[in-house]
Amino acid sequence: MSIRIGLMGYGNLSRGVEAAIKQSDDLELVAVFTRRDPSSVKVKTEGVPVLSEGEIEAWTDKIDVLVLGGGSATDLPGQTPKYAKLFNVVDSFDTHARIPEHFANVDAAAKESGKLGVISIGWDPGLFSLMRMLSTAVLPVGKNYTFWGRGVSQGHSDAIRRIEGVQDARQYTVPVESSVNSVRNGENPDLTTRQKHTRECFVVAKEGADLARIEKEIKEMPNYFDEYDTTVNFISQEELDKNHKGLPHGGFVIRSGETGEGTKHIVEFNLKLESNPEFTGAVIAAYARAAFRLNNEGATGCKTIFDIPVSYLSALSDEELRKTLL
């Protein structure tokens, strides 16, 4: 029997989850819910209904896990606790500074309903978080360094698009090369947020919009841009569509540590992604599988990537995992 997945929203991330479901024999997409006119949304999976968000309560017995495809700035803080009262849920909440608050809200809602909420799933937060924890456990004496890019940040691009007067936007995160080299050389530098990355924004403003105000709001946005050297470029929609259509990304986590009498070690986990949302969607699909299994075993409340055994992510049996991957 397949695990029945519902999607809230049908943007880039939800389409990435849909693509991952198509590659998984044990997962089935059963419904898509949208705030848009459902007739305007065309999904790629034949026979899957697109319904208004207001119809979702009728599906509580037809969906095993609801994946929330909204943005962290304004959607997920309200949506995840709301829908954790009805379904097992998985989200990609990526505002690192607000994760403890988000966890508490989802935990309370999910425990009340007997459901499971898995938050902040993707590659950072997500797989990178797991690698930071793992390498720190193995090398307790040392430092962690995380670099993202060069690539498009979906969350930061979404945050820019929410600004009044913005029609469209892409934001690239760019590692500072001299800082990366210093870390890989084992120099263990103390780096500020500003010294690790710069942010490049390409913004299409609506006609008559106040460009100076938009640029100021971007550069001063807390949790997104205020701690970085940020460049804002205003361009046409045509130029954005031509030169910034793709959604590549990637990055690396480095742990520089030592054992014994100062013996040095470098641990690095690296991702190079042609499509950020498709890869993120694939991670989310695996954790939707885990959420269903854990809830079936009686687990409730909120979980993060730290709380979920990795074997629960795989469609393979424990015996197959031991035989083929151990």
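Note: Leu66 CG to Lys115 NZ = 11.0 Å, rounded to the nearest 0.5 Å. Ser113 contributes atom OG, which lies 9.0 Å from atom NZ of Lys85 (distance to the nearest 0.5 angstrom). Atom CZ of Phe87 and atom CD1 of Ile56 lie 4.5 Å apart (nearest 0.5 Å). Here Ser72 contributes atom OG and Ile99 contributes atom CD1; the two are 8.5 Å apart, rounded to the nearest 0.5 Å. The structure places OG of Ser135 at 5.0 Å from CG of Asn144, a figure rounded to the nearest 0.5 Å. Between the CG atom of Asp26 and the CD1 atom of Ile3 there is a distance of 5.0 Å, given to the nearest 0.5 Å.
Thr230 places no side-chain N or O within 3.5 Å of a backbone atom of Lys219 that could act as its donor or acceptor partner. Side-chain N or O atoms of Thr80 include none that pairs as donor or acceptor with a backbone N or O of Pro77 at under 3.5 Å. The backbone N or O of Asn188 lies less than 3.5 Å from a partner atom in the side chain of Lys143, making a donor-acceptor pair. Under a 3.5 Å cut-off, the side chain of Ser14 and the backbone N or O of Gly9 do form a donor-acceptor pair. When atom types are taken as modelled, the side chain of Arg213 and the backbone of Glu164 share a donor-acceptor pair closer than 3.5 angstrom. Panel note: side chain Lys22, backbone Lys44; a donor-acceptor pair is recorded below 3.5 Å. Side-chain atoms of Asn105 do not come within 3.5 Å of backbone N or O of His102 as any donor-acceptor pair. Between the side chain of Ser120 and the main chain of Phe93, a donor-acceptor pair closer than 3.5 Å is present. Proximity of a side-chain donor or acceptor of Glu217 to a complementary backbone N or O of Ile214 within less than 3.5 Å is not detected.
Within 6.0 Å of the CD atom in Glu57, the count of heavy atoms belonging to other residues, nucleotides or ligands does not exceed 12. For Asp25, the CG atom counts as loosely surrounded, since its 6.0 Å shell holds 12 or fewer non-hydrogen atoms of other residues, nucleotides or ligands. The number of heavy atoms from other shown groups lying within 6.0 Å of NZ (Lys62) is above 12. Counting heavy atoms of neighbouring residues, nucleotides and ligands inside a 6.0 Å radius, atom CG of Asp61 does not exceed 12 of them. The environment of Glu278 atom CD is sparse: at most 12 non-hydrogen atoms of other residues, nucleotides or ligands sit within 6.0 angstrom.
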Audit row: Leu139, Glu258, side chain to side chain contact (heavy atoms under 4.5 Å, CB included) steps and yes/no: CA-CA 7 Å; Leu139 295 173; Glu258 58 183 57; over 6 Å; no
Trp123 and Phe279: CA distance, side-chain angles, deciding distance, side chain to side chain contact (heavy atoms under 4.5 Å, CB included) verdict: CA-CA 8 Å; Trp123 56 274; Phe279 184 82; 3.9 Å; yes
Side chain to side chain contact (heavy atoms under 4.5 Å, CB included) evaluation trace for Ile235 with Val203: CA-CA 6 Å; Ile235 61 175; Val203 181; over 6 Å; no
Derivation of the side chain to side chain contact (heavy atoms under 4.5 Å, CB included) call for Leu294 and Ile308: CA-CA 8 Å; Leu294 282 168; Ile308 298 175; 3.8 Å; yes
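For the side chain to side chain contact (heavy atoms under 4.5 Å, CB included) with Phe33, the lone residue among Tyr83, Trp59, Tyr10 that qualifies is Trp59.
Every side-chain hydrogen bond (donor to acceptor under 3.5 Å, both in side chains) that Arg4 has, sequence neighbours left out, goes to Asp64.
Cluster annotation: Leu13 and Ile121 are assigned to the same hydrophobic cluster (Ile/Leu/Val/Met/Phe/Trp/Tyr, side-chain heavy-atom contacts under 4.5 Å, transitive). Hydrophobic clustering, with ILVMFWY side chains joined whenever heavy atoms are under 4.5 angstrom apart, groups Leu86 together with Leu51. Phe128 and Val176 fall into different hydrophobic clusters, where Ile, Leu, Val, Met, Phe, Trp and Tyr residues are linked whenever their side-chain heavy atoms come under 4.5 Å apart, directly or through other members. Leu316 and Leu27 fall into different hydrophobic clusters, where Ile, Leu, Val, Met, Phe, Trp and Tyr side chains are chained together by heavy-atom contacts under 4.5 Å. By the criterion of side-chain heavy atoms lying less than 4.5 angstrom apart, applied directly or through intervening Ile, Leu, Val, Met, Phe, Trp or Tyr residues, Val118 is not grouped with Phe103; the two fall into different hydrophobic clusters.
Side chains of Glu55 and Ser52: no donor on one and acceptor on the other come within 3.5 Å. Under the 3.5 Å distance criterion, with hydrogens and angles disregarded, a donor-acceptor pair is assigned to the side chains of Ser182 and Glu187. Donor-acceptor pairing under 3.5 Å is lacking for the side chains of Thr198 and Asp229. If you check the side chains of Arg199 and Thr173, you find a donor sitting under 3.5 Å from an acceptor. Using modelled atom types, one finds no donor on one side chain facing an acceptor on the other under 3.5 Å when comparing Arg293 with Asn296. Donor-acceptor pairing under 3.5 Å is lacking for the side chains of Thr34 and Glu53. In this structure, a donor-acceptor pair under 3.5 Å is present between the side chains of Asp168 and Gln237.
A 4.5 Å side-chain heavy-atom check between Arg150 and Glu200 finds at least one atom pair inside the cut-off. The shortest distance between side-chain heavy atoms of His265 and Thr259 falls below 4.5 Å. When side chains are defined from C-beta on, His249 does not count as touching Glu274, because their heavy atoms never get closer than 4.5 Å. You'll find the side chain of Arg161 stays beyond 4.5 Å of the side chain of Gln167, heavy atoms only. Ile254 is listed as a side-chain neighbour of Arg184, based on a closest heavy-atom distance under 4.5 Å. Residues Phe234 and Phe202 have side chains not in contact (no heavy-atom distance under 4.5 Å, counting atoms from C-beta outward). Between Val106 and Lys111 the shortest side-chain heavy-atom distance does not fall below 4.5 Å. Contact of the His96 side chain with the Pro125 side chain is registered, since non-hydrogen atoms from C-beta on lie closer than 4.5 Å.
At least one test fails for Arg194 against the ring of Tyr228: distance under 6.0 Å to the centre or angle within 45° of the axis.
Shortest non-hydrogen contact noted between Ala291 and Leu116 is O-CD2, 3.5 Å. Closest approach of Pro309 to Asp307, counting heavy atoms only: CD-O, 3.7 Å. In this structure, Ala20 and Ala282 approach most closely via the heavy-atom pair CB-CA, 3.6 Å. The minimum heavy-atom distance between Ala110 and Thr300, with the atom names listed, is O-CB, 4.3 Å. Heavy-atom minimum distance, Asp318 versus Ser311: OD1-CB, 4.1 Å.
Salt bridge Arg98/Glu101: present, at least one basic N to carboxylate O contact under 4.0 Å. Salt-bridge annotation for Lys323 and Glu319: absent, with no side-chain N of the basic residue lying under 4.0 Å from a carboxylate O of the acidic one. With respect to the salt-bridge test (charged N to carboxylate O, under 4.0 angstrom), the residues Asp107 and Lys303 do not qualify. Note on Asp210 versus Lys216: no salt bridge recorded, every NZ/NE/NH1/NH2 to OD/OE distance being 4.0 Å or above.
For Tyr172 and His244, the ring centers sit closer than 6.0 Å to each other.
Ring pair Phe147/His197 is tilted by interplanar angle, where 30° to 60° counts as tilted.
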